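Read the structure below first, then the notes.
It should be emphasised that the depicted structure is a prediction, and the values quoted were computed from it without experimental measurement. Within every chain, numbering begins at 1; the chains are lettered A, B, ... in the order of the sequence lines, protein sequences first and strands thereafter.
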2 protein chains.
Amino acid sequence: MISADIITIGDEILIGQITDTNSAYIARELNAAGIRIRRKYSIGDQKEAITGALDESIGQVDAILFTGGLGPTNDDITKHTLNAYFGSRLVRNQETFDMLAAWFAARNRTFEPVNQGQADVPEVCTVMLNKLGTAPGMIFEKEGTHIFCMPGVPYEMEGLMQSGVLPFLKQKYALPPLAHHTVLTAGIPESTLMMQIKDWEEALPAGVKLAYLPSYGAVKLRLTAWEPGTFSEVELAEIARPLYGMLGDAIYGTGDRTMEEIVFTMLKEKKLRVSFAESCTGGFLAHRLTSMAGSSMVFNGSVVTYSYEAKTQELQVPSEILMQHGAVSEPVVMQMAEAVKIKFDAEYGVATSGIAGPDGGTPEKPVGTVWIAVSGPQGTKARRFLFTNNRERNIRLTCLHAYNMLRKML
Amino acid sequence: MISADIITIGDEILIGQITDTNSAYIARELNAAGIRIRRKYSIGDQKEAITGALDESIGQVDAILFTGGLGPTNDDITKHTLNAYFGSRLVRNQETFDMLAAWFAARNRTFEPVNQGQADVPEVCTVMLNKLGTAPGMIFEKEGTHIFCMPGVPYEMEGLMQSGVLPFLKQKYALPPLAHHTVLTAGIPESTLMMQIKDWEEALPAGVKLAYLPSYGAVKLRLTAWEPGTFSEVELAEIARPLYGMLGDAIYGTGDRTMEEIVFTMLKEKKLRVSFAESCTGGFLAHRLTSMAGSSMVFNGSVVTYSYEAKTQELQVPSEILMQHGAVSEPVVMQMAEAVKIKFDAEYGVATSGIAGPDGGTPEKPVGTVWIAVSGPQGTKARRFLFTNNRERNIRLTCLHAYNMLRKML
């Protein structure tokens, strides 16, 4: 099986100023192409760190994928370091130069020498044209290892992966992808889940590996055929089938999809619409839906009602109920869900109200207390949850459970 | 200077199923404590990968921080691997056992053997009590290198960093933190910025390093004193001062803060409120504000109006204007911003309407066309932008520019 190392370059990664999302994208794409990642690592913008990484990986893996340090500014040293490492010299890449000249002309910006320099590349490399930015991608080869260099800007890197790196690797190696099958569950803690499926797990065929991937109230169960060609995706799905009997409607889908994607697909297929009345989630439910292209097919609009007045004015929550029960209460979320459904001409309304924290808790309603209601043609259901002390986590857990309650009603 | 390697364990990271955010958090915290990260790497859930990483890092750095593979399920092998590597045997940690027993009892859940096993740790390690989950943290030592093991669940890892790892390291080494000063700019492309501040950059004192960190329409300029104790944060701020003369109001703040944090602080200090009327951003503007604790001080509510009807009904956008100009137009966003301000009793209203993509573009209004309006006591301003073909990127760019327009009006 062919193997690769992913190396992301940048002091900003090593000091934690940015989270490296590039390597996850690259790993996903390589994995789907049937290439096993040996390791991913991140190093600083220092010549010795880059050459040290090259020394360690060349000859050990078939491919090395670098990102970062290809910008026009002085802190970007990747290209010069590679040029010296491979004993080459910089030459102008005319195709890149012409593309950049046209790009600057179209925007009435001066094509300065610092930008022109982006078109200079080591003579020994093969250029991958970057249509989304100024730094061309580069391919080097040494001792049977191919070294791919891409910029660190995520959408430029993604463009080069698709237009340059993956076509090159696929043509060179043509391997079957690793087979995976993922079953998505929500609402059962990881260790309880493990007890429930223990016998099934122990009877898994050799060569099939099970991973538990917990996140925000959900656990993904991923089956992997560890060597390419042993089990197909269809066979893995067959192996997973008994889980449906054991876990019932805690299974919300399969594959690498989010709860929101699954609910969106259900709404589309049934030609139904949803609207949101959000208090503690503050717009996050609507954001998650509208992040998906085509969401206007199932969504007219929604409202964020943070204050008492907004809840009364926009969703006709009676002041007496707010005074008597507080905003974080069953009658309030039920009214919110019912009113927002009518307000935006939707079949389903979803409402949230809770104490996201870190402050605002009381002995009866501690931080993490959240009420969620879903209203549909069959009526309105509300449920109380007690999540955590962490604001971001509470917002995400509320989102997962709100979509899950909607899914169960659909 | 003391140094550390960060190693995250998990097949799910290597196949890109999850993005590793833990290592960015750890890097940030170590950096602030004055510890330099040599490298970060991610490896799979295989015994040889873990022991290979230990062999490579022990003796090379002062500290190794591991996360992942400490769960109760069979795919979690980190503890057993370390136990064997250090030639130890598992013994019960009574404090952890008692805490777990109480936790399960409080939730009326059975304390099963699989959960009880979480309290067993290698005899040679020092335990860090984990109050947020079932897997205790562990500290090992070999050849002068300390090895810290933490679970991969982010909030558990964060808890152990604060309660165990950092106190241990600070007590042991007591080093001054690396000094940074970051100047935040928006609206100027990276290469233009570089030209504008070229002379200043070239005159920077030796030992002060400048990094350009571009993201979603903004560029952070980070100055770092590369050796501890050479320049203080105050001295770096003084070195950065001339930037204000060169860049004017493109500078929106300093430090490691987001545009939204800065606008939120301004609103709080001036005791002003904002509301949002969102079309293409679909709730993201409200979400970014309400993610911050205390946002109810500056925010009563907001509305997402996706359809024509919602814009007319909720924000009194006249049908004739929608028909004549389309939803993505200057008069529509201006009316939206003015109406939402009144609707939610706020001094400022911010509205967005655009073609987020990937579909829906026309020759006159290609994908990426976005109108943003801000309405305040001094009047209403609207501006047209042309962003990209990528939906997520367009939503984030619209958010950055909407908050930036609001900031300039405040």
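For A:L213, the part sitting under 4.5 Å from any heavy atom of chain B is the side chain, from C-beta outward, and nothing else. For A:T182, the part lying near chain B is the side chain, with the backbone staying farther off; criterion is any non-hydrogen pair under 4.5 Å. Using a 4.5 Å cut-off between heavy atoms, A:D45 touches chain B through backbone and side chain atoms alike. Looking at A:Q46, only its side chain comes within 4.5 Å of chain B, counting heavy atoms on both sides. Proximity to chain B involves both the backbone and the side chain of A:E12, based on heavy atoms less than 4.5 angstrom apart. Proximity to chain B is absent for every atom of A:E278, based on heavy atoms less than 4.5 angstrom apart. Of the two parts of B:E29, neither the backbone nor the side chain holds a non-hydrogen atom closer than 4.5 Å to a non-hydrogen atom of chain A. Neither the backbone nor the side chain of A:Q118 comes within contact range of chain B, judged by heavy atoms closer than 4.5 Å.
Between A:H287 and B:F284, the ring planes are tilted. Angles from 30° to 60° get that label.
The shortest distance between side-chain heavy atoms of B:L14 and A:K40 falls below 4.5 Å. Here the side chains of B:D11 and A:R222 are in contact, with some heavy-atom distance below 4.5 Å. Within the 4.5 Å cutoff, side-chain heavy atoms of A:P189 are placed close to those of B:R109. Considering only heavy atoms from C-beta on, B:Y212 stays 4.5 Å or farther from A:D76 through its side chain. Contact of the A:F276 side chain with the B:V304 side chain is not registered, since no non-hydrogen atoms from C-beta on lie closer than 4.5 Å. Side-chain atoms of A:I7 and B:Y41, non-hydrogen and from C-beta on, never get closer than 4.5 Å to each other. Taking 4.5 Å as the limit, every side-chain heavy atom of A:Y308 sits out of range of all side-chain heavy atoms of B:N300. Contact annotation: the side chain of B:R28 never approaches that of A:I15 to less than 4.5 Å [non-hydrogen atoms, C-beta and beyond].
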Candidate pair A:V298 and B:Y306, rule side chain to side chain contact (heavy atoms under 4.5 Å, CB included), full reasoning: CA-CA 10 Å; A:V298 305; B:Y306 236 48; over 6 Å; no
B:E314 vs A:K343, side chain to side chain contact (heavy atoms under 4.5 Å, CB included): CA-CA, chis, key distance, verdict: CA-CA 9 Å; B:E314 298 298 319; A:K343 190 182 185 76; 3.1 Å; yes
Criterion salt bridge (Lys or Arg N to Asp or Glu O under 4.0 Å) on A:E112 and B:K198, from CA distance to verdict: CA-CA 13 Å; A:E112 303 280 0; B:K198 193 166 180 285; over 6 Å; no
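If you tally non-hydrogen atom pairs under 4.5 Å between each of B:S291, B:A53, B:P154 and chain A, the highest count goes to B:S291. The choice from A:T224, A:D359, A:T192 that makes the most heavy-atom pairs within less than 4.5 Å of chain B is A:T192. The greatest number of non-hydrogen atom pairs below 4.5 Å with chain B, out of A:D256, A:I6, A:T305, is found for A:D256. When each of B:K220, B:K209, B:E309 is scored by its heavy-atom pairs under 4.5 Å with chain A, the top score falls to B:K209. Here A:S42 is the residue among A:A24, A:S42, A:G10, A:G301 with the most heavy-atom pairs under 4.5 Å with chain B. Chain B forms more heavy-atom pairs under 4.5 Å with one residue of A:R36, A:E392, A:M292, A:K311 than with any other, namely A:M292. Of the listed residues (A:P72, A:A310, A:S302), the one with the most heavy-atom contacts under 4.5 Å to chain B is A:S302. When each of B:G283, B:G357, B:G71, B:G294 is scored by its heavy-atom pairs under 4.5 Å with chain A, the top score falls to B:G283. Contact count versus chain B (heavy atoms, under 4.5 Å) is highest, among A:S296, A:A286, A:S307, for A:S307.
Among the candidates A:T110, A:V114, A:N115, the single residue satisfying the side-chain contact (heavy atoms from CB on, under 4.5 Å) test with B:M195 is A:V114.
Between the side chain of A:N390 and the backbone N or O of B:Y155, no donor-acceptor pair lies under 3.5 Å. Judged by distance alone, the side chain of B:D20 and the main-chain N or O of A:D20 form no donor-acceptor pair under 3.5 Å. Listed for the B:R391 side chain is a donor-acceptor partner under 3.5 Å among the backbone atoms of A:T290.
Separating the CD atom in A:E201 from the CG atom in B:D75 is a distance of 7.0 Å, to the nearest 0.5 Å.
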